[in-house]
Amino acid sequence: MTSTQVTTAIWQNTSLQGGLPLIWQRRPGPAIVACRLWIRGGSSMDLPGQRGAAQLLAGLMTRGCGNYGPEALADLVEGRGAALRCEASEDCLVISIKCSSSDTAELLPLLLSMARQPWLSPDQLELERDLNLQSLQRQREDPFQLAHDQLRHLLYGQGAYGHDPLGVDAELAALHSEQLAALVPDLGQDGALLVACGDLDDELPRLLNPLLDNCPWTTTQPSPGAGPGAASGLQRLASLEQDIEQLVLMLGAATVPLGDPDGLALRLLQAHLGMGMSSRLFVTMREERGLAYDIGVHMPARRGATPFIWHLSTSADRAAEATTALLEEWQRILEQPLSEAELTLAKAKYLGQDAMGRQTCGQIADRQALVLGHGLGWSYVQDSLERAQQLDSATLLAAARRRLSAPALSICGPASALAASEQAWLRRGLSG
């Protein structure tokens with residue numbers, strides 16, 4: 001095969017047999033290699049009636065592939081002290097391995113074999129499905145997870161982002177090997193890439209191409225394009241009674257994809273509101289008013305409408321006060337620009353978070369796979385860091401008004417706390 005190789009900064013890039021992009025970075029230090037096979041799709045591509053299929057398929061990939069059955073594969077990986085993992089999120093299926101550089105020739109081709117030649121044996125399917133069903137059962141015992149699932153439904157309804165990657169019990173329980181086998185040929189049709197970081201050399205393509213010669217895979221680098229959107233016309237309040245002594249609140253909105261200009265402004269707001277003990281919500285809600293056992297802000301990276309979520313737990317007898325205070329803080333970011341000091345601190349936190357997120361080979365590979373997997377440019381991370389320093393408070397305020405003006409509230413707790421929280425929600429008038 002003849003391939004054209006280019007170098008962007010310290011990343012090297014070539015195409016494997018069939019078009020799969022291979023991106024790698026040499027990193028001096030311990031003789032360790034971290035590799036990520038990032039395949040666009042994930043649980044947002046679960047077919048109707050098959051919610052949970054992507055995650056079930058991901059789990060089965062670690063239970064036999066190519067010439068290795070479940071025990072042989074486990075012996076091969078664990079016998080070399082390596083770590084192998086495969087999981088599906090909303091936007092992708094990712095197979096990850098971390099190993100000694102001396103074992104790369106034997107272990108890295110496993111990632112391609114898992115994607116192209118998974119065993120999917122019925123007995124292993126039963127084991128993996130039982131584990132996923134047990135995980136769903138545990139989630140139903142967690143008030144935070146219950147509140148999160150409610151909020152997910154408020155924001156996305158029955159849409160592509162409307163269910164946990166683990167799936168829905170009844171649909172997961174009914175999945176069989178033939179349905180999962182039908183998904184394998186389509187893996188990578190919307191793009192895939194292989195990213196490695198560590199003690200590597202230029203022989204990496206030579207290690208991987210032989211498997212693709214025997215088991216061809218036609219794919220290409222994922223292209224830009226918006227993913228799933230939010231639902232419209234749904235209720236903005238949901239409550240679930242639970243016999244517990246606290247109230248869990250989740251307040252959020254579906255916003256914009258990774259790469260959208262408003263997304264950077266929202267991430268600075270996330271840093272201001274929820275990052276560290278100096279964050280606005282921690283100080284006002286917990287330190288000054290004692291209203292929160294736990295509080296934070298969650299904004300994952302998504303190809304579609306990204307959720308921007310505040311979560312808080314409080315004592316049941318302070319439900320109304322905590323709900324009112326949280327809604328006041330949400331209203332504040334829609335009405336008041338950040339002060340110069342607040343903006344400077346938010347930018348410093350954003351920079352620091354980026355630095356902390358690229359300390360290891362695994363973190364570096366994760367970051368590059370995420371960016372390129374979402375169809376963004378090679379310099380996206382550095383460009384974002386530079387653009388963040390240019391944003392002013394007026395830009396953040398405008399983005400908040402565009403994207404956060406009609407939040408939804410999910411609450412979980414005892415009946416009396418739910419009633420008090422609901423009344424506080426109605427009084428504040430944020431129901432859209």
Side-chain angles (χ1 to χ4, degrees), residues 39-64 70 85-94 118-187 227-235 237-244 248 250 252 254 300 302 304-305 307 309 408 410-413 418:
I39 305 170
R40 177 173 285 183
S43 63
S44 64
M45 298 295 288
D46 284 342
L47 298 173
Q50 298 184 23
R51 288 176 290 183
Q55 179 57 42
L56 183 56
L57 175 61
L60 280 172
M61 286 178 172
T62 64
R63 294 178 175 270
R85 186 174 182 180
C86 184
E87 60 184 348
S89 64
E90 286 81 357
D91 292 319
C92 62
L93 187 153
V94 180
W119 274 35
L120 309 182
S121 57
D123 60 329
Q124 296 299 316
L125 185 148
E126 291 296 330
L127 291 172
E128 189 67 28
R129 178 166 53 199
D130 286 347
L131 290 174
N132 290 359
L133 288 169
Q134 291 170 24
S135 295
L136 286 171
Q137 176 61 39
R138 286 194 297 272
Q139 288 183 359
R140 287 192 291 272
E141 299 168 359
D142 181 355
F144 272 92
Q145 185 65 46
L146 291 171
H148 184 268
D149 289 345
Q150 272 193 150
L151 183 61
R152 189 204 313 268
H153 183 72
L154 289 176
L155 299 181
Y156 303 108
Q158 296 297 317
Y161 285 164
H163 66 281
D164 189 283
L166 282 169
V168 176
D169 292 73
E171 297 178 18
L172 176 59
L175 288 170
H176 51 77
S177 299
E178 290 77 9
Q179 290 171 309
L180 297 182
L183 301 176
V184 174
D186 291 334
L187 289 175
S232 60
L234 298 179
Q235 294 181 344
L237 172 66
S239 60
L240 179 64
E241 184 176 346
Q242 292 283 290
D243 186 18
I244 54 178
V248 176
M250 290 206 175
R302 292 274 180 85
I309 300 172
S410 170
I411 48 180
C412 180
L418 295 179

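For reference, positions follow the sequence shown, starting with 1.
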Heavy-atom side-chain proximity of V94 to C86 below 4.5 angstrom: no
Taken in chain and number order and not counting sequence neighbours, the residues that satisfy side-chain hydrogen bond (donor to acceptor under 3.5 Å, both in side chains) with R40 are none
Is there a donor-acceptor contact under 3.5 Å linking the side chains of D123 and S121? yes
Do any N or O atoms from the side chain of S239 and from the backbone of L418 form a donor-acceptor pair under 3.5 angstrom? no
Please report the interatomic distance CG(L175) to CG(L47), rounded to the nearest 0.5 Å. 9.5 Å
Is it the case that the side chain of D46 and the backbone of A54 share a donor-acceptor pair, with hydrogens and angles ignored and the cut-off at 3.5 Å? yes
Cation-pi, Y161 ring and R302 (6.0 angstrom, 45 degrees): yes
Please tell me if the side chains of V248 and I411 come closer than 4.5 Å, counting only heavy atoms from C-beta onward. no
Carefully, step by step, assess E87 and R85 under the rule side chain to side chain contact (heavy atoms under 4.5 Å, CB included). CA-CA 7 Å; E87 60 184 348; R85 186 174 182 180; 3.1 Å; yes
Is Q242 reaching over with its side chain to a backbone N or O of G413, donor-acceptor style, under 3.5 angstrom? no
Does a side-chain heavy-atom distance below 4.5 Å link Q134 with Q139? no
One pair to check against salt bridge (charged side-chain N to carboxylate O under 4.0 Å, His left out): R129 and E126. What are the steps and the verdict? CA-CA 5 Å; R129 178 166 53 199; E126 291 296 330; 2.4 Å; yes
Going from CG on L120 to CG on L60, what distance comes out if it is rounded to the nearest 0.5 angstrom? 5.5 Å
Measure from the side-chain N and O atoms of S410 to the backbone N and O of M250, and report whether any donor-acceptor pair falls under 3.5 Å. no
Any chance you could measure T62, atom OG1, to Q124, atom CD, to the nearest 0.5 Å? 9.0 Å
A quick test of your reading: do over 12 heavy atoms of other residues, nucleotides or ligands sit less than 6.0 Å from CG of D243? no
M61 side chain near L187 side chain, heavy-atom distance below 4.5 Å: yes
Do L57 and L183 come within less than 4.5 Å of each other through their side chains, counting heavy atoms only? yes
Gap between atom CG of D142 and atom CG of D149 - 0.5 Å precision: 9.5 Å
I need the Q150 CD to Q235 CD distance, nearest 0.5 Å. 10.5 Å
